[in-house]
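Here the structure comes first, spelled out in structure tokens, and everything after it is commentary.
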Amino acid sequence: MHDLELLNKEQQEAVLHTEGPLLILAGAGSGKTRVLTYRIAHLIEECEVYPWNILAITFTNKAAGEMRERVDRIVGQGAESIWVSTFHSTCVRILHRHIDRLGYDQKFTIYDTEDQKTVLKDVCRRLQIDTKLYKERTLLNVISHAKNEYISPVEYQSSVRGDFRQEKMAEVYLEYQKELKKNNALDFDDLLVKTVELFESCPDVLERYQDRFRYIMVDEYQDTNTVQFKLVSILAGKYQNLCVVGDDDQSIYRFRGANIENILNFEKVFPNTRVIKLEQNYRSTQNILDAANGVIQNNISRKEKALWTDNERGEPVVFKLLQSAYEEAEYVTGDIRKKLNSGAAYRDFAVLYRTNYQSRTFEEKFLMANIPYKIVGGVNFYSRKEIKDILAYLKTIDNGKDDLAIHRIINVPKRGIGAVTINKVQAFAESREISFFEALESVGEIPGIGKALLKIQPFVNLIHEWRLRLGELTLEKLINEILERTGYAGDLEAEGTDEAQARLDNIGELISKAVTYEKEAEHPVLGEFLEEVALVADIDSVADSDDRVLLMTLHSAKGLEFPYVYLAGMEDGIFPSYMSIAADDPLEEIEEERRLCYVGITRAMKELTMTAARIRMIRGENHYNNVSRFVREVPKELLGNRTYVPDAPKAQEPPRSSAYARAKEAFRTKTFDPKQFKVVKADRLDYGVGDRVSHIKFGEGTVLDVTEGGRDYEVKVEFDRAGVKKMFASFAKLKKIESL
DNA sequence: CCTACTACGCTTTTT
DNA sequence: GCGTAGTAGG
């Protein structure tokens, strides 16, 4: 066996403990991926376990790919028959074979968030639900949450009897689910739910997979939700060889249903669990680690642990407060340049932020400074309009039941099939209880269809033709034919704009992805390609080989490491986000934000820089935020002297330049109207986001937001008794009672 | 049936 | 500030 000597005592223990439940509490940078790969190698080579009896589950395809690669390197033979994949792709693979047992067609489609919204809108219209009263977003959250907790529409309905609002939402959930089934579609959450359903209702199928996956390993276990837990525990039910690796301090997906109880209660659910803690960090300097510990120890609900390292103390952590987001980006760019000059490579840097929109300023600066970068996240490649259009064609050719896909392309490019015609077809389909596409196929029988027949017929014929020729056409040829014969490419070319060209380029990229797929797959089929494409996250496309600075959200950065890390936008209201400050349970939400901060800090190997901006433009308005409480939680002695942290934020005298800069900023972004200056605008406020203030009428409250209005500061306060109020600072005469 | 304009609402984080 | 949804006019 390969040198177990390379592992420390705890790591070795984890590798050697192969039988029975095992919980590995692995701190950041403690070498858990290494343990997992060695463990797999050990199982195969020393314990005579067949490779196909091993299932390793990760969260992203990228992580799966990396693990596979590392396993390949140390396992001589049979590595390819180990299942290393994400929860979602594991489920897709299983469902693909057995979903007919649940009454679905095996050629199901996967709906992304946009598709979900379309269905939901439709459902709301049919149920005559006012989408102003029931926000689309809320409804989707409710549905997703129910699914994550493995609550069916019927169960949900009976659990909320008596609450009118929730009853309504239950109705939506029920109807939404019906619609999905009708379209032979599953959303992301369904992939997990349906797999568990399958196992619960078909013991024979379950046993087959239990026997197949005798050894199961789950990475990033702290981010599993209830269904995922159910899935894993049901699969491991027979042999009990379940090894999970996680770190409660890095649990950052509560909003998505991740259930921290899964890790905290693991030992209760699996008696005889062996618990191993990996506490030695191999990644970061002592300073970075101390900063991380300083922050995370402010969380109350966590398992106590002590990360330590043999690494050197390293450079001090840097905090830099800048005037604006613009200057923030400029500072980071300059700092990167400096380090590049002393030998660092582009790929050594990552800029991490809380929200995707923060990437824009950095992008601009990097472009100007000629620094190659890659933005991870934001709009997923596969959610771009042109890509979704082409995919909708492919879905229609592959699965005639997906009404959504057909609706999307029936008139794209323009064929003169408008809303009136579509409604007629829809009504006809509903009256006959057939799918939309089937209705199109018998367009001749639709009453009052008129001339539209001549427009629909050729479209249907085209789809039919492609279906027939599916066997002989490669994906590349098929997509090219779609582009040519529908006029899709022609339209874009005719447009001649840069944007149209970018769209064409994107489609080109889709084609090359299709080509790669066909080259790599054993038996390439359209349906499988579509499945694969549906489950791609943006982070998956990050190759270690390209030498670029990476820009991404803190969430996307989980599991990665970089020599130089910048945490940008360290401001209360940005990070922690105002949503968490204003939440019903701010304590818990802020603890989640703090874990996110911990994840961010621990990505850094050599140097960590945190930055904040005094003034930040959000949605065209200037915001004045306090320096993030997380910065203040970093022990002072760790911060270098280039650093400036205001002690009591907003209480002290502002630097002279700031009022001027602010005026300039306001002038630059707002139309200057002298009449507006009737109210005397306070030069600056002595309170900021997160501070406690009192109001003569409303009593005490917490400041949620401070916005630059034209003539005054607009302050949003959540009062303990009076609720949330927006008011002008000069009238409100708020008094600060305590700062954070 | 399509296009152009206006109003509104929205932003956490993602498989 | 931006994108989308809804509406009016061609």
Side-chain angles (χ1 to χ4, degrees), chain A residues 57-64 85-92 110-114 116-118 121 125 131-132 135-138 140-141 144 147-148 186-192 220 223-225 227-228 251-258 352-360 376-380 382-383 385 411-423 450-452 455 531-540 552-558 569 573-583 589-590 592-593 595-597 599-600 617-623 669-670 705:
Chain A
I57 298 178
T58 59
F59 260 74
T60 62
N61 294 299
K62 180 176 158 67
S85 68
T86 64
F87 268 109
H88 294 267
S89 7
T90 305
C91 289
V92 168
I110 300 167
Y111 278 1
D112 65 13
T113 318
E114 196 193 316
Q116 287 180 285
K117 279 188 189 151
T118 314
K121 251 178 246 161
R125 199 159 29 84
T131 45
K132 290 222 166 59
K135 290 260 165 54
E136 203 174 79
R137 223 193 144 68
T138 321
L140 276 181
N141 274 338
S144 174
K147 288 182 177 180
N148 287 162
L186 303 181
D187 62 23
F188 284 133
D189 301 320
D190 277 341
L191 296 174
L192 298 153
E220 307 283 10
D223 286 324
T224 53
N225 59 36
V227 211
Q228 288 167 331
S251 163
I252 55 174
Y253 282 105
R254 207 174 71 115
F255 74 94
R256 201 170 81 185
L352 310 181
Y353 35 77
R354 178 68 238 268
T355 58
N356 277 305
Y357 72 81
Q358 288 169 262
S359 65
R360 240 188 64 187
V376 178
V379 192
N380 187 317
Y382 292 102
S383 355
K385 183 187 174 298
N411 201 30
V412 176
K414 300 256 165 353
R415 304 189 169 82
I417 304 172
V420 179
T421 310
I422 289 170
N423 283 338
K451 280 185 293 183
K455 293 166 178 161
E531 271 166 18
E532 212 166 273
V533 144
L535 297 175
V536 175
D538 207 35
I539 188 75
D540 299 336
M552 66 185 119
T553 62
L554 288 146
H555 283 90
S556 303
K558 190 178 72 164
I574 303 285
F575 187 34
S577 84
Y578 66 95
M579 294 290 278
S580 64
I581 298 173
E589 299 244 341
I590 286 178
E592 169 130 330
E593 299 273 312
R595 290 193 291 269
L596 193 55
C597 183
V599 168
M617 270 263 258
I618 302 166
R619 272 174 276 163
E621 287 175 318
N622 280 335
H623 287 246
T669 53
K670 305 252 175 206
D705 193 32

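In what follows, chains carry the letters A, B, and so on, assigned in the order in which the sequence lines appear, proteins first and then strands, with residues in each chain numbered from 1.
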Using the C1' atoms only, state how far B/dT13 lies from C/dT4, rounded to an integer number of Å.
23 Å
TODO: Determine: side-chain N/O of A/Asn356 to OP1/OP2 of B/dT14, distance under 4.0 Å, yes or no.
DONE: yes
field: Donor-acceptor under 3.5 Å (A/Gln358 side chain, A/Arg354 main chain)
entry: yes
Problem - Sugar-phosphate only, base, or nothing, as touched by A/Tyr578 at under 4.0 Å among non-hydrogen atoms - result: sugar-phosphate
So what does A/Asn411 hit on the nucleic acid, given a heavy-atom distance under 4.0 Å: a base, only sugar-phosphate, or nothing?
sugar-phosphate
Rounded to whole Å, NE2 of A/His555 lies from C1' of B/dT12 at a distance of 8 Å
Taken to the nearest whole Å, NZ/A/Lys451 to P/B/dC1 is 10 Å
- Query: Is it true that a side-chain atom of A/Glu593 and a backbone atom of A/Ser580 form a donor plus acceptor pair closer than 3.5 Å?
  - Reply: no
A/Lys558 atom NZ is separated from B/dT13 atom P, nearest whole Å, by 16 Å
| message | I'd like to know if the side chain of A/Asn61 and the backbone of A/Leu535 have a donor-acceptor N/O pair within less than 3.5 Å. | response | yes
note: A/Arg254, atom CZ; B/dT14, atom C1'; distance rounded to Å ~ 16 Å
Of the candidates B/dT13, B/dT14, B/dT15, the side chain of A/Arg354 sits closest to B/dT13
Using the C1' atom as the reference point in each nucleotide, state the distance between B/dT12 and C/dA5 in Å, no decimals.
24 Å
Inset, instruction - Would you indicate what A/Lys385 reaches in the nucleic acid, counting non-hydrogen atoms under 4.0 angstrom: base, sugar-phosphate, or nothing? - result: nothing
### Query
Any side-chain N or O of A/Lys455 less than 4.0 Å from the OP1 or OP2 oxygen of B/dC1?
no
Result for side chain to side chain contact (heavy atoms under 4.5 Å, CB included) between A/Lys455 and one of A/Thr421, A/Asn411, A/Ile417 points to A/Ile417
Do the side-chain N or O atoms of A/Ser89 get closer than 4.0 angstrom to the phosphate oxygens (OP1, OP2) of B/dT15?
no
Any donor and acceptor pair, going by atom type alone, linking the side chain of A/Ser577 with main-chain N or O of A/Ile574 inside 3.5 Å? no
Heavy-atom nearest nucleotide on DNA chain B taken for A/His88 and for A/Val420; more 5' hit belongs to A/Val420
Between CZ of A/Phe255 and C1' of B/dT14 the distance, given in whole Å, is 5 Å
Scoring nucleotides 2-10 of chain C by protein non-hydrogen atoms under 4.0 Å (B base, S sugar-phosphate only, - none) yields ---S-----
Q) Reckon A/Lys414 has a side-chain N or O less than 4.0 Å from the OP1 or OP2 of B/dT3? A) yes
How about A/Thr90 and A/Ser85: does a side-chain donor come under 3.5 Å of a side-chain acceptor? yes
Here the distance between atom P of B/dT13 and atom CE of A/Met579, to the nearest Å, is 10 Å
Assert: residue with more 5' nearest nucleotide on DNA chain B, out of A/Glu592 and A/Ala452, is A/Ala452
In whole angstroms, the gap separating C1' of B/dT14 from CD1 of A/Ile252 amounts to 10 Å
Considering only heavy side-chain atoms of A/Thr553, the closest of B/dC10, B/dT15, B/dT14 is B/dT14
Using OP1 and OP2 only, check whether a side-chain N or O of A/Thr421 sits under 4.0 Å from B/dC1. yes
Among the nucleotides B/dT13, B/dC10, B/dT15, whichever has the atom closest to the side chain of A/Phe188 is B/dT15
Of B/dT13, B/dC1, B/dT11, the nucleotide closest to the side chain of A/Tyr357 is B/dT11
**OP:** Look only at the side chain of A/Arg595 and the backbone of A/Ser251, and say whether a donor-acceptor pair between them is shorter than 3.5 Å.
**Re:** yes
### Message
Any base atoms under 4.0 Å from A/Phe575, or only sugar-phosphate, or nothing? Heavy atoms, all strands.
### Response
nothing
(request) Evaluate the criterion salt bridge (charged side-chain N to carboxylate O under 4.0 Å, His left out) for residue pair A/Asp223 and A/Lys558; output intermediate values, then yes/no. (result) CA-CA 11 Å; A/Asp223 286 324; A/Lys558 190 178 72 164; 2.4 Å; yes
To the nearest angstrom, the CZ-C1' distance between A/Arg137 and B/dT11 comes to 7 Å
Taking the six-membered ring for Trp and the full ring for Phe, Tyr or His, determine whether the centres of A/His88 and A/Phe59 are under 6.0 Å apart. no
